[in-house]
> 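My questions all concern the structure below.
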There are 2 protein chains.
Amino acid sequence: MNTDLSPLATPSPAPEPAGPQVAPAFSPLYQQIKALLLRSLQSGEWKPGEPIPSEVDLATRFRVSQGTVRKAIDELAAENLLLRRQGKGTFVATHAEQRTQFRFLRLHSDLGHLDPSGPAQRRILSCQRLRAPADVGLALGLRAGDTVVQVQRVLSFQDVPTILEQLWLPGDPFKGLTLKVLTEHQGPMYALFESEFGVRMVRADERIKAVAADAEAAAGLALAPGTPLLSVERLAYTYHDQPMELRRGLYRTEHHHYRNQLS
Amino acid sequence: MNTDLSPLATPSPAPEPAGPQVAPAFSPLYQQIKALLLRSLQSGEWKPGEPIPSEVDLATRFRVSQGTVRKAIDELAAENLLLRRQGKGTFVATHAEQRTQFRFLRLHSDLGHLDPSGPAQRRILSCQRLRAPADVGLALGLRAGDTVVQVQRVLSFQDVPTILEQLWLPGDPFKGLTLKVLTEHQGPMYALFESEFGVRMVRADERIKAVAADAEAAAGLALAPGTPLLSVERLAYTYHDQPMELRRGLYRTEHHHYRNQLS
DNA sequence: GAGTGGTCTAGACCACCTT
DNA sequence: AGGTGGTCTAGACCACTCC
């Protein structure tokens with residue numbers, strides 16, 4: 001009904017003064033609910049891994065029907081921000097679970113499904129704070145002179161160094177990130193970001209090219225210069241499409257491949 | 001209600017004899033409706049680009065509520081098999097539209113959004129029927145000795161040969177596919193497959209590696225041997241996860257990149 | 001105005017999990 | 001038994017498109 005008894009703003013039925021209307025900007029109720037849920041997620045009211053209130057609770061809180069809340073949650077679940085578990089509740093998605101452990105890593109072994117399930121040895125090469133290079137600052141939406149944390153690391157599969165990557169994070173939200181913290185932490189790096197810095201990576205774009213290994217890459221991955229490598233540049237976003245990480249990786253693909261699903 | 005008045009099989013409430021139950025295999029009504037819609041799509045009862053019956057029509061036909069039909073269609077639309085257009089109807093998705101023209105081609109220009117929107121010159125190098133090589137036959141689920149159609153072509157962007165690819169199709173469904181047909185056809189190849197052979201590619205898996213151009217690739221793309229190239233191997237499926245095309249492509253990435261979205 | 005998909009509601013019942 | 005998400009229904013109304 002979109003009745004005005006609702007606590008929510010109901011933009012469309014409001015009789016606006018005549019004039020050049022730009023766009024009616026009709027927004028369904030469930031979209032408004034979705035935005036409210038998103039705000040609670042971003043503010044940390046509900047933390048990764050924890051359950052959010054039940055559908056009936058939310059329905060009474062927002063003064064809408066359960067079906068409307070349901071549709072809002074459906075969309076958030078489809079975007080992998082929430083996780084529904086029948087009989088138990090709805091939970092804030094996290095990178096700290098076995099199931100979603102390597103959701104953003106698309107490199108798989110050519111052999112059977114002996115994928116990077118073997119947790120892949122990680123070695124941190126460096127972690128330092130510095131002024132953002134121009135391209136990095138631009139990608140992360142920082143101002144000139146802002147500081148970033150730069151991390152370099154190597155991932156190995158079965159003792160073969162396979163991924164050499166470099167990543168940049170905005171200095172402000174990642175204040176306490178040091179080599180010690182990174183080295184001592186177990187589990188996925190994105191899980192560390194969640195638990196220690198309250199930053200949850202929600203989606204990412206990747207750009208992939210084929211390049212020849214230069215001297216530095218050859219040294220880092222212990223292979224001959226000129227070897228073809230996948231260059232994977234990732235820009236990862238947190239809630240509300242805010243860029244939070246730039247990552248540049250070089251992948252060996254003699255025995256691995258980058259897997260993608262099209263639909 | 002899942003009542004027995006329904007014309008559909010209602011597996012779960014059927015009182016089965018006691019014994020070692022394997023799996024209750026509860027299947028919601030809307031999933032059964034979805035399967036029926038899928039069957040009509042596969043059989044060609046509704047063709048790509050055409051509208052399917054309205055939700056109310058389908059609801060009365062299947063003796064269920066509109067909401068149940070709606071949920072079935074929702075899922076098919078989410079999988080890009082159907083396309084909803086408010087006020088007009090629901091249509092069978094097709095590769096012959098501007099909007100979905102290059103849905104499966106992930107190579108983009110490094111510059112602004114001057115992507116492969118420029119329709120990219122296509123040149124067919126060859127088209128021949130031959131016995132399926134072992135790996136191809138395996139991927140396509142063919143029997144030993146079955147014939148396949150093999151096509152080779154080059155795609156150029158702004159007169160620069162950029163993609164060299166080779167593809168194999170099962171000989172049986174693609175009986176009349178000749179070099180003449182391929183050369184004279186305008187528009188995406190997958191649109192040709194739909195209109196001339198009734199085969200609609202629904203989803204695909206890609207495996208990506210970095211390789212060095214060999215002599216043949218160097219000749220085909222007019223570049224120096226050893227140049228790093230993206231190797232993209234695609235297995236494309238039609239309805240019901242049936243593999244229908246194997247494609248191996250080599251992409252130049254000096255001025256282009258393969259784009260991927262993670263979520 | 002008629003037809004289509006899109007939203008919203010209220011209520012019933014089912015399947016799954018915990019206690 | 002009681003709570004949670006999941007399914008299904010019936011009906012009302014809204015937004016969009018076409019005639």
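These values consider heavy atoms only, across backbone and side chains, with no hydrogens, waters or symmetry-generated copies. So you know, we letter chains A, B, ... as the sequences are listed, proteins then strands, and number each from 1.
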> Quiz question: by atom type and distance under 3.5 Å, do the side chains of B:His108 and B:Arg106 form a donor-acceptor pair?
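No, B:Arg106 and B:His108 have no side-chain donor paired with an acceptor closer than 3.5 Å.
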> Considering only heavy atoms, which members of residues 79-88 of chain A lie under 4.0 Å from some atom of DNA chain C?
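When residues 79-88 of chain A is checked for heavy atoms under 4.0 Å from DNA chain C, the hits, listed by number, are A:Gln86, A:Gly87, A:Lys88.
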> Pull out every residue in residues 42-52 of chain A that has a heavy atom closer than 4.0 Å to any atom of DNA chain D, ordered by number, or say none.
none
> Rounded to whole angstrom units, what separation is found between the CG atom of B:Leu58 and the P atom of D:dT9?
14 Å
> Find the distance B:Asp74:CG to D:dC8:P and express it as a whole number of Å.
13 Å
> Can you check the B:Glu55 CD to D:dA10 P distance for me, whole Å?
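Roughly 15 Å, once rounded to whole Å.
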> Rounding to a whole Å, what distance do you find between A:Arg70:CZ and D:dT7:P?
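That distance rounds to 7 Å.
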> Round to the nearest Å and state the distance from A:Leu29 atom CG to D:dA15 atom C1'.
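Those two atoms, CG and C1', are 15 Å apart.
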> Taking OP1 and OP2 of C:dA10, is either one under 4.0 Å from a side-chain nitrogen or oxygen of A:Ser65?
no
> For the pair made of CD1 in A:Ile33 and P in C:dC8, what is the distance, rounded to whole Å?
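Roughly 9 Å, once rounded to whole Å.
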> So how far is it from B:Ile208 CD1 to B:Asn260 CG, rounded to the nearest 0.5 Å?
7.0 Å
> Could you tell me the separation between the CD atom of B:Gln31 and the C1' atom of C:dC14, rounded to a whole number of Å?
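Checked: the CD to C1' distance equals 16 Å.
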> Name the closest nucleotide to the B:Thr68 side chain, picking from D:dT7, D:dT9, D:dT4.
D:dT9
> Among B:Arg200, B:His95, B:Glu245, which one satisfies side chain to side chain donor-acceptor pair (under 3.5 Å) with B:Tyr190?
B:Glu245
> Is a side-chain donor-acceptor pair under 3.5 Å present for A:Ser40 with A:Glu45?
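A pair is found: one side chain offers a donor N or O, the other an acceptor, under 3.5 Å apart.
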> Output yes when at least one side-chain N/O atom of B:Thr90 is less than 4.0 Å from OP1 or OP2 of C:dT4, else no.
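No.
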> What pair of heavy atoms forms the shortest contact from B:Ser263 to A:Arg203, and how long is it?
CB-CB, 4.2 Å
> Can you sort out the partners of A:Phe91 under ring pair (Phe, Tyr, Trp, His ring centres under 6.0 Å), two or more places apart, ordered by chain and number?
none
> Going by atom types only, do A:Glu206 and A:Tyr258 share a side-chain donor-acceptor pair under 3.5 Å?
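There is such a pair (donor and acceptor under 3.5 Å, judged by atom type) between the side chains of A:Glu206 and A:Tyr258.
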> What do the steps show when you test A:Glu233 against A:Arg207 for salt bridge (charged side-chain N to carboxylate O under 4.0 Å, His left out), and what is the final call?
CA-CA 5 Å; A:Glu233 177 168 316; A:Arg207 295 178 166 217; 5.9 Å; no
> Side-chain donor-acceptor pair under 3.5 Å between A:Glu194 and A:Thr94, yes or no?
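The answer is yes; a qualifying pair exists.
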> Looking at C:dC8, C:dG5, D:dT9, which one has an atom nearest to any side-chain atom of B:Val64?
D:dT9
> Give the rounded distance in Å between these two atoms: CZ of B:Phe26 and P of C:dC17.
14 Å
